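These notes concern the structure reproduced below.
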Number of protein chains: 2
Amino acid sequence: MKLLTRETDYSVRVLCHMAAKGNKQWTAAELYLDLRIPRPFLRRILQMMNKGGLLESRKGRSGGFRLASAPRTIKLADVVRLFQGELRLNECLFKKRICPDRKHCPLRSKIQSIEDYAVKQFEGTTIQSLLQGN
Amino acid sequence: MKLLTRETDYSVRVLCHMAAKGNKQWTAAELYLDLRIPRPFLRRILQMMNKGGLLESRKGRSGGFRLASAPRTIKLADVVRLFQGELRLNECLFKKRICPDRKHCPLRSKIQSIEDYAVKQFEGTTIQSLLQGN
DNA sequence: TATAATGATACTATTATTATATCATTTTAC
DNA sequence: GTAAAATGATATAATAATAGTATCATTATA
Ligand code: FES
Ligand code: FES
């Protein structure tokens with residue numbers, strides 16, 4: 001099971017790669033050469049990151065992408081949310097049919113606790129902290 | 001994203017249901033009537049739990065399934081392991097191609113920490129504790 | 001010995017993820 | 001002005017994992 005999808009994972013790499021080189025602007029082609037992420041896939045996630053406010057883009061001939069904000073302000077949680085939505089490890093498979101009281105289901109509450117922990121980790125991790133190796 | 005698959009989830013229900021009624025023996029048909037888990041699917045997971053040592057089975061005319069051990073000794077981690085294998089939230093998508101040092105990859109180590117937490121929760125939860133609601 | 005149970009296993013369906021392909025639009029170098 | 005080089009938008013295909021079904025063999029006993 002993968003906690004992070006490839007979209008998320010690739011995107012983190014892109015962000016880290018960009019952040020490591022200051023405030024440079026990058027074309028999809030350049031990023032492809034450096035990171036070897038499948039090209040059309042890379043383009044799509046760049047566009048999504050642009051829409052999602054993680055990147056800025058310039059169109060046209062000398063266009064490209066750059067970070068929309070400082071690496072220390074970009075949280076892993078933002079990336080996960082963009083590509084995977086709000087983390088939900090906890091979906092009840094039974095919708096009332098079996099479990100009489102979802103709120104107090106002990107199984108759910110364990111999973112909820114794991115989810116909370118994961119979200120806390122994601123919130124506490126920034127692109128900058130990843131670059132610094134902690 | 002589901003941290004527990006249906007196989008795991010259904011199986012926990014089966015185990016809890018059985019545990020709530022002492023050491024009774026159950027046929028697949030009885031469990032179906034009580035839990036409404038899709039019949040062929042239910043039969044398959046019962047057989048897997050038998051092979052995996054969580055249940056005992058008796059074949060033949062008055063056969064059926066029963067718990068192989070006391071509810072306080074059956075851990076959620078056992079069920080997860082049986083159906084989902086060793087929890088691995090952490091698979092590296094890049095196999096050496098990009099990340100120079102997997103061991104010290106800060107992204108992986110965050111995820112590893114979440115995985116460790118999850119496993120700890122699973123190890124600390126038993127069928128009995130679920131029945132008791134904690 | 002017919003019946004009612006599990007054992008084994010092959011198969012299908014559904015869904016989510018991953019990846020590709022195309023064409024439209026924008027900007028600028030010339 | 002216009003060709004070129006970039007992103008924007010979006011439809012589609014491929015793959016893999018999960019979920020669910022179906023069938024026949026084997027076993028034990030009423
Ligand atoms: S099973 Fe749905 S919440 Fe307990
Ligand atoms: S990416 Fe493979 S481990 Fe860091």
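Since the model is a prediction, treat every value here as computed from it, not as a measurement.
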Rounded interatomic separation in angstrom, taking [atom1] from [X] and [atom2] from [N]:
X       : N      : atom1 : atom2 : result
A/Gln47 : C/dT25 : CD    : C1'   : 12 Å
A/Lys2  : D/dA17 : NZ    : P     : 7 Å
A/Asn50 : D/dT10 : CG    : C1'   : 16 Å
A/Phe83 : C/dT18 : CZ    : C1'   : 13 Å
A/Leu4  : C/dT18 : CG    : P     : 10 Å
B/Tyr10 : D/dA19 : OH    : P     : 8 Å
A/Leu55 : D/dA6  : CG    : P     : 17 Å
A/Leu46 : D/dG8  : CG    : P     : 9 Å

Could you tell me whether the phosphate oxygens of [N], OP1 or OP2, come under 4.0 Å of any side-chain nitrogen or oxygen in [X]?
X       : N     : value
B/Thr27 : C/dA4 : no
B/Ser57 : C/dG7 : yes
A/Lys59 : D/dA5 : no

*asked:* Under a 3.5 Å cutoff, is there a donor and acceptor pairing between the side chains of B/Tyr10 and B/Thr5?
replied: no
*Side chains of A/Ser113 and B/Tyr117: do they bring a donor and an acceptor to under 3.5 Å?*
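Judged by distance alone, the side chains do pair up.
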Of the listed nucleotides [options], the one nearest the side chain of [X]:
X       : options                : answer
B/Phe41 : C/dA8, D/dA30, D/dA19  : D/dA19
B/Arg6  : C/dA29, D/dG20, D/dG8  : D/dG20
B/Arg44 : D/dT29, D/dT21, C/dT17 : D/dT21
B/Thr5  : D/dA19, D/dT29, C/dA5  : D/dA19
B/Phe65 : D/dA4, C/dT6, C/dT18   : C/dT6

Which side-chain N or O atoms in residues 64-83 of chain B pair as donor and acceptor under 3.5 Å with protein atoms at least two apart or in another chain?
unit_1: B/Arg66; atom_1: NH1; unit_2: B/Asn23; atom_2: O; d: 2.5
unit_1: B/Ser69; atom_1: OG; unit_2: B/Thr73; atom_2: OG1; d: 3.4
unit_1: B/Thr73; atom_1: OG1; unit_2: B/Ala70; atom_2: O; d: 2.7
unit_1: B/Lys75; atom_1: NZ; unit_2: B/Glu123; atom_2: OE1; d: 2.9
unit_1: B/Asp78; atom_1: OD2; unit_2: B/Lys75; atom_2: N; d: 3.0
unit_1: B/Arg81; atom_1: NH1; unit_2: B/Glu123; atom_2: OE2; d: 3.4
unit_1: B/Arg81; atom_1: NH2; unit_2: B/Glu123; atom_2: OE2; d: 3.2

*For B/Ala28, report the nucleic acid contact type (base, sugar-phosphate, nothing); a contact means any heavy atom under 4.0 Å.*
sugar-phosphate
*Base, sugar-phosphate, or nothing for A/Pro38, non-hydrogen atoms under 4.0 angstrom?*
sugar-phosphate
*Would you jot down, in residue-number order, the residues of residues 17-25 of chain A having a non-hydrogen atom under 4.0 Å from DNA chain D?*
none
Just by distance, do the side chain of [X] and the backbone of [Y] share a donor-acceptor pair under 3.5 Å?
X        : Y        : answer
B/Gln47  : B/Arg44  : no
B/Ser11  : B/Glu7   : yes
A/Thr125 : A/Gln121 : yes

*Under the 6.0 Å and 45° cation-pi test, does A/Arg43 pair with A/Phe41?*
no
*asked:* Suppose we call a contact any N or O donor and acceptor under 3.5 Å apart; does that hold for the side chain of B/Arg43 and the base of C/dG7?
replied: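 Result: at least one qualifying N/O pair found.
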*More 5' along DNA chain C: A/Arg39 or B/Gly60, using each one's nearest nucleotide?*
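Nearer the 5' end of the strand: B/Gly60.
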Show me, pair by pair, the donor-acceptor contacts under 3.5 angstrom made by side chains of residues 50-63 of chain A, not counting sequence neighbours?
unit_1: A/Asn50; atom_1: OD1; unit_2: A/Ser57; atom_2: N; d: 3.4
unit_1: A/Asn50; atom_1: ND2; unit_2: A/Ser57; atom_2: OG; d: 3.3

